[in-house]
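A short write-up of the structure that comes next.
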Amino acid sequence: MTGETCGAPCPEDDLIACDREAHQMAGFHRNRAKGRVWEADPLPEAPPTGKGALASMAVRTTRSGRTGAPADAVTTWKDSHG
Ligand SMILES: [Zn+2]
């Protein structure tokens, strides 16, 4: 523990300063003594290889398994040929 704190002043009360360990102004500020939490800079965007990419990959895998079912293909053929 370095003891280095963020120190950002609360916009609603200048007497309150963020006493979180330095956090690059990201996420939220907090003063533990006063029990105050306030907004800081938004967290950096998640890279495209994050959670979303994994989720869409999972969806694609599930779909390709279903569309490969022979029964579905036959139903489609019957529908379009009366
Ligand atoms: Zn802070």
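- The side-chain hydrogen bond (donor to acceptor under 3.5 Å, both in side chains) search around Glu39 returns none, not counting sequence neighbours.
- Counting only residues at least two apart or on different chains, the side chain to side chain donor-acceptor pair (under 3.5 Å) pairs with a member in residues 24-37 are Glu12-Arg36, His23-His29.
- The hydrophobic cluster around Trp38 extends to Ile16, counting ILVMFWY residues whose side-chain heavy atoms fall within less than 4.5 Å of a member.
- Taking both residues in full, the closest heavy atoms of Leu43 and Ala26 are given as CD2-CB, 3.9 Å, listed atom of the first, atom of the second, then distance.
- By the 4.5 Å side-chain criterion applied to Ile, Leu, Val, Met, Phe, Trp and Tyr, Val37 is assigned to a cluster that also includes Phe28.
- Across every non-hydrogen atom of Cys18 and Cys6, the tightest pair is SG-CB, 3.5 Å.
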